[in-house]
Number of protein chains: 2
Amino acid sequence: MKIDPNSSADLSAQIAQAIKDAIVSGDLIVDQRLPSEAELSDQFQVSRPTVREALKRLAAQSLIRTQRGATGGAFVNRLSFEEAYSQQITTSTLLLSMNSVSFDTACEARYALERACAPLSALRRTPDQLATMRAEIFRQAQPSLTDEAFCASDVAFHRALVDGAANPVLSYQLAGSVEAMQPLMNMITFSARSREKIISLHSQIADAIEAGDGEAATLGLKDLESETRSLAASVFAARAAQK
Amino acid sequence: MKIDPNSSADLSAQIAQAIKDAIVSGDLIVDQRLPSEAELSDQFQVSRPTVREALKRLAAQSLIRTQRGATGGAFVNRLSFEEAYSQQITTSTLLLSMNSVSFDTACEARYALERACAPLSALRRTPDQLATMRAEIFRQAQPSLTDEAFCASDVAFHRALVDGAANPVLSYQLAGSVEAMQPLMNMITFSARSREKIISLHSQIADAIEAGDGEAATLGLKDLESETRSLAASVFAARAAQK
DNA sequence: AATTTTTTATTTGTCTGACATTTAAAAGTC
DNA sequence: GACTTTTAAATGTCAGACAAATAAAAAATT
């Protein structure tokens, strides 16, 4: 692992990259201890604060964890699915909000991916996951529910559907799509009638999942997508007309 | 934005989180300049090195960029799709390698998601993207190609297919699935016969995409998935028997 | 007056050295 | 042997300094 002191890039960035490469390539394995900050500053011929900045960069990506004390130090961190989920959600959310991605684009991506999970979920969902879907449908039917809570329940419903596929990699990928849509969905006001329609489609999907009928679930999701998009279109149109 | 000096968490982590929250919530908008390091250390009542560690954490996530000089400072960074892609690929790769995700699980997720793109790609792919797919198929037919180069070409083929959907959010999500599979695929040796089969399926898929037949493309991907999985199974079985 | 050059102020990047805090192992004590 | 104390090693934090980059302001030149 070498760095170039004459490079234009920050030393801390170079050091972080060098260590990151070692982790990704497998030179450093999970739970392996890195040299102490003092040793690293010797190796790279930089000061300790610079090494520390590099280590903080890695810690921010959950690539390492640090521990104080006699046997402490920086250790290569096992990237857990949970950590990856939350990173994914943050990144997706920012990506959508900062690049003014249209509702349609985000919606299309989300439902395309979700339909990919439906057949698997129809085969593998646990009774518990099905129960969660039913419970969320019930919750959605409460008229006292705010629009935000309705959206949150919607996310929980779809999360259960996706998790039903029993494929953690799929769940990880979908987490971003589903959750990052929530801020966009929150911009929509749900009338009693539109809620009714959505709930009915949710029931239809849950029925298909319960029956193990992946095709029917996929069709239900297709309907839900067009319903969501037309609903959003009318809300946005109404808002534009108001101006 | 406040931090708790008595918390167990590192001060730099708390400060980074506070600023991150401000960015995600929209309190800080793209290209907005953060206070200088000196001002931040005043505000948070910590030393400058601590502030710097916090800023490096944010820089590692591409949330800010820094600039030296009189009008320099730290600025909220627009998270570009390119940056998000590469983050996504790194995270997915590590997730798979560190959690010993099975080939089947990764493969299933990858093809499930890719099938979701196929119908859209059949409708929208540009001539250029189709040409890329054809070119990669041609490359794959060269017998001199190493197994690694064959895999790389495979990734390029599928990348073109996914990009054909003309939905950047989909492309972003798929980038992880497709590219993170490559290290797993690289563990497989491709015999002349298995290459022939894969190339034929690729052609079939490209034909379907060219004809605008999403359903046929989806079926081709299904076949490709089972072919890939049975190929992997036999390679792994042979390797196990050799021991 | 316009242009070029020089100066200056501001900000990040890096270094040195120090002390605080945490933690586990070693040493000491009963 | 079990418990307590000490010690050493590591990260976390701080203070102050200088280097380097950069743009604006000031000065010099044409």
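On a predicted model such as this, the values are computed, not experimentally measured, just so you know. Letters go in sequence order (proteins before strands), and every chain restarts at 1.
With rounding to whole Å, A:R68 atom CZ is found 17 Å from C:dC19 atom P. When the C1' atom of D:dT11 is taken as reference, atom CG of A:L58 falls 15 Å away, rounded to whole Å. When rounded to the nearest whole Å, the span between CG of A:D10 and P of C:dC15 equals 11 Å. Between the CZ atom of B:R65 and the C1' atom of D:dA21 there is a distance of 17 Å, given to the nearest Å. Rounding to whole angstrom units, CD of residue A:E39 and P of D:dT11 are separated by 9 Å. When the P atom of C:dG13 is taken as reference, atom CD of B:Q67 falls 10 Å away, rounded to whole Å. Taking atom CG on B:D4 and atom P on D:dG12, their separation rounds to 17 Å, with Å as the unit. One atom, CG of A:L55, and another, C1' of D:dT13, lie 15 Å apart when rounded to the nearest Å.
Nearest-nucleotide mapping onto DNA chain D: of B:P49 and A:R33, the residue sitting toward the 5' end is A:R33. Nearest-nucleotide mapping onto DNA chain D: of B:S47 and A:A38, the residue sitting toward the 5' end is A:A38. Nearest-nucleotide positions on DNA chain C for A:V46 and B:G73 put B:G73 closer to the 5' end.
Residue-to-nucleotide contacts include no donor-acceptor pair under 3.5 Å from the side chain of A:R48 to the base of C:dG17.
Comparing the end axes of the helix from C:dA1-D:dT30 to C:dC30-D:dG1, each fitted to five base pairs by superposing C1' atoms of four pairs onto the next four, gives an inter-axis angle of 20° (nearest 10 degrees).
Between B:E108 and B:R115 there is no salt bridge, since no side-chain nitrogen of the basic residue lies less than 4.0 Å from a carboxylate oxygen of the acidic one. The pair A:D154-A:R139 does not count as a salt bridge, with every side-chain nitrogen at least 4.0 angstrom from each carboxylate oxygen.
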Next item on the list: Just do the side-chain hydrogen bond (donor to acceptor under 3.5 Å, both in side chains) check on B:Q182 and B:N186 with the steps written out, would you?
Entry: CA-CA 6 Å; B:Q182 195 166 6; B:N186 277 337; 4.8 Å; no

Margin query: Under the criterion salt bridge (Lys or Arg N to Asp or Glu O under 4.0 Å), I'd like the reasoning laid out for A:R65 against A:D31: C-alpha separation, chi angles, the key distance, then a yes or no.
Written below: CA-CA 9 Å; A:R65 61 179 185 280; A:D31 291 336; 2.9 Å; yes

Next item on the list: Report the C-alpha separation of A:R110 and A:E114 in whole Å, then their side-chain angles, then the decisive distance to 0.1 Å, and conclude whether the salt bridge (Lys or Arg N to Asp or Glu O under 4.0 Å) test is met.
Entry: CA-CA 6 Å; A:R110 177 223 165 125; A:E114 199 165 335; 3.2 Å; yes

Next item on the list: Apply the test side-chain hydrogen bond (donor to acceptor under 3.5 Å, both in side chains) to residues B:T50 and B:S47: give CA-CA distance (whole Å), side-chain angles for both, the deciding distance (0.1 Å), then the verdict.
Entry: CA-CA 5 Å; B:T50 301; B:S47 68; 3.2 Å; yes

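Closest to the side chain of B:A70, from the set D:dA23, C:dT23, C:dT12, is D:dA23.
The phosphate of D:dC14 has OP1 or OP2 within less than 4.0 Å of a side-chain N or O from B:T50. Taking 4.0 angstrom as the limit, B:S12 places none of its side-chain polar atoms (N or O) nearer than this to OP1 or OP2 of D:dG12. Contact check, B:T71 against D:dA24: no side-chain N or O comes under 4.0 Å of OP1 or OP2. The shortest distance between the side-chain N/O atoms of A:K56 and the OP1/OP2 oxygens of D:dG12 is below 4.0 Å.
Using a 4.0 Å heavy-atom criterion, one finds that B:L11 contacts the sugar-phosphate atoms exclusively.
With hydrogens and angles left out, the side-chain atoms of B:T105 and B:S102 include a donor and acceptor closer than 3.5 Å.
Both the sub-6.0 Å distance and the 45° axial angle are satisfied by A:R159 relative to the ring of A:Y85.
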